[in-house]
Amino acid sequence: MKEAELFELAAENTKRINPVKIIGMSEMLRGTLFDIGADEEELDMMMPYQPEEEMMYVITNERNMHGAISMIYEDELHKLSEVISDDLYILPSSIHEVLAVPASSQSPEELAEMVHTINMATVNLEDRLSNQVYHYDRNARTLKLATDTPNKRLDGEVAEQQLVYEANKGPKR
């Protein structure tokens, strides 16, 4: 079996077993706060309405476990980018989820600095995915690294290689 065929089968099976879930960050936080006792009035005061094109989205799976793989599902990224009418920057939050923001919101370097800071301060080492920011181009329908500051292992070697995933074609080196 060729690498592209293996990639395609793995993507299809993973997506079938663990369907993608994309939810607005504010909606997710509202649900969490509601679960711990906040009422609707308090939630409305703490979290006012935010237009879709300004929102941050959580991309994971229905189990919220090992859901970062969902970032390779191009159809879902494309649908989200069409809803917000913009390309996306994908921020690896952990192995369990990634965050998506409109590409016009901030520079990828600013976002990468934010990812790095949060990873170092709050994400357990075994749950860290990357400090990189990825760019989803909705016209080209590609996902690629947006930042060029490679993660380094403790021995100084680069821990990531540049890959571009094209819709329905798998990895391109």
Side-chain angles (χ1 to χ4, degrees), residues 3-4 6-29 52-119 122-151 158-173:
E3 182 179 2
L6 182 60
F7 173 83
E8 187 176 323
L9 286 174
E12 287 174 15
N13 286 332
T14 303
K15 188 175 178 181
R16 181 179 46 78
I17 294 167
N18 292 304
V20 176
K21 176 173 77 172
I22 299 177
I23 185 170
M25 176 69 83
S26 58
E27 184 180 344
M28 187 183 82
L29 291 174
E52 286 183 331
E53 62 274 5
E54 295 175 14
M55 289 178 64
M56 180 177 283
Y57 292 86
V58 178
I59 302 173
T60 186
N61 57 36
E62 290 184 357
R63 293 183 10 216
N64 297 322
M65 293 292 297
H66 300 102
I69 189 68
S70 300
M71 73 184 269
I72 69 167
Y73 302 140
E74 193 277 329
D75 286 341
E76 282 75 8
L77 293 180
H78 189 72
K79 288 174 192 170
L80 178 58
S81 70
E82 290 295 307
V83 165
I84 65 170
S85 301
D86 201 349
D87 288 358
L88 302 171
Y89 283 132
I90 308 294
L91 294 71
S93 177
S94 75
I95 61 173
H96 303 295
E97 73 271 330
V98 296
L99 306 177
V101 298
S104 60
S105 65
Q106 293 181 54
S107 76
E109 293 77 20
E110 290 171 318
L111 293 168
E113 183 60 36
M114 180 180 74
V115 170
H116 179 264
T117 300
I118 292 169
N119 275 345
T122 62
V123 182
N124 292 331
L125 184 59
E126 63 272 7
D127 289 339
R128 286 185 201 155
L129 184 60
S130 171
N131 291 326
Q132 299 300 333
V133 171
Y134 298 81
H135 177 251
Y136 176 74
D137 182 313
R138 69 185 176 131
N139 293 323
R141 297 181 77 139
T142 58
L143 178 66
K144 62 183 178 179
L145 281 171
T147 53
D148 62 358
T149 52
N151 288 327
V158 173
E160 297 175 335
Q161 57 179 314
Q162 176 113 4
L163 292 176
V164 176
Y165 287 86
E166 293 186 22
N168 304 320
K169 295 182 184 174
K172 179 174 90 177
R173 295 184 195 274

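Positions are given from 1, in the same order as the sequence printed here.
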Fill in the blank from the handout: Tightest non-hydrogen contact, residues Tyr89 and Gln106, listed as CE1-O, 3.4 Å
Handout entry: Spacing of Glu74 atom CD and Tyr136 atom OH [to the nearest 0.5 Å]
Key = 3.5 Å
Handout entry: Residues that Glu126 engages under side-chain contact (heavy atoms from CB on, under 4.5 Å), provided they are two or more places apart
Key = Asn124
Exercise for the section: May I ask you to test the Asp75-Arg141 pair for a side-chain heavy-atom distance under 4.5 Å? Expected result: yes
Problem - Between CG on residue Leu91 and OG on residue Ser130, distance to nearest 0.5 Å - result: 10.0 Å
Handout entry: side-chain hydrogen bond (donor to acceptor under 3.5 Å, both in side chains) partners for His135, two or more places apart
Key = Asp87
Completion exercise
Heavy-atom nearest pair, Ile90 first then Leu143, reads CG1-CD1, 4.0 Å
Handout entry: Selection residues 91-118 - residue pairs positive for salt bridge (charged side-chain N to carboxylate O under 4.0 Å, His left out), sequence neighbours left out
Key = none
Practice task
Go through the structure and list residues passing side-chain contact (heavy atoms from CB on, under 4.5 Å) with Asn139, not counting sequence neighbours.
Solution key: Asp137
Problem - Under the side-chain contact (heavy atoms from CB on, under 4.5 Å) test, residues paired with Ile22 that sit two or more places apart - result: Val20, Tyr57, Ile59, Glu76, Leu80
Problem - Closest approach of Asn119 to Pro92 (non-hydrogen atoms, all atoms of both residues) - result: OD1-O, 4.3 Å
Problem - Closest approach of Ala112 to Thr147 (non-hydrogen atoms, all atoms of both residues) - result: CB-CG2, 3.6 Å
Handout entry: Distance-minimising heavy-atom pair for Leu99 and Ser93
Key = CG-CB, 4.1 Å
Handout entry: pair Arg138-Glu82: side-chain heavy atoms closer than 4.5 Å
Key = yes
Less than 3.5 Å apart, which donor and acceptor atoms pair up between the side chains of residues 62-72 and the rest of the protein, not counting sequence neighbours?
{"from": "Arg63", "atom 1": "NH1", "to": "Asn18", "atom 2": "OD1", "distance (Å)": "3.1"}
{"from": "Asn64", "atom 1": "OD1", "to": "Lys21", "atom 2": "NZ", "distance (Å)": "2.9"}
{"from": "Ser70", "atom 1": "OG", "to": "Thr60", "atom 2": "O", "distance (Å)": "3.0"}
{"from": "Ser70", "atom 1": "OG", "to": "Gly67", "atom 2": "O", "distance (Å)": "3.0"}

Problem - Nearest-0.5 Å distance that lies between atom CZ in Arg16 and atom OG1 in Thr14 - result: 9.0 Å
Handout entry: Side-chain (Asp86) to main-chain (Ser104) donor-acceptor, under 3.5 angstrom
Key = yes
Exercise for the section: Using a 4.5 Å cut-off on heavy atoms from C-beta on, say whether the side chain of Ile118 contacts that of Met114. Expected result: yes
Completion exercise
Nearest heavy-atom approach of Leu88 to Leu77 is CD1-O, 3.6 Å
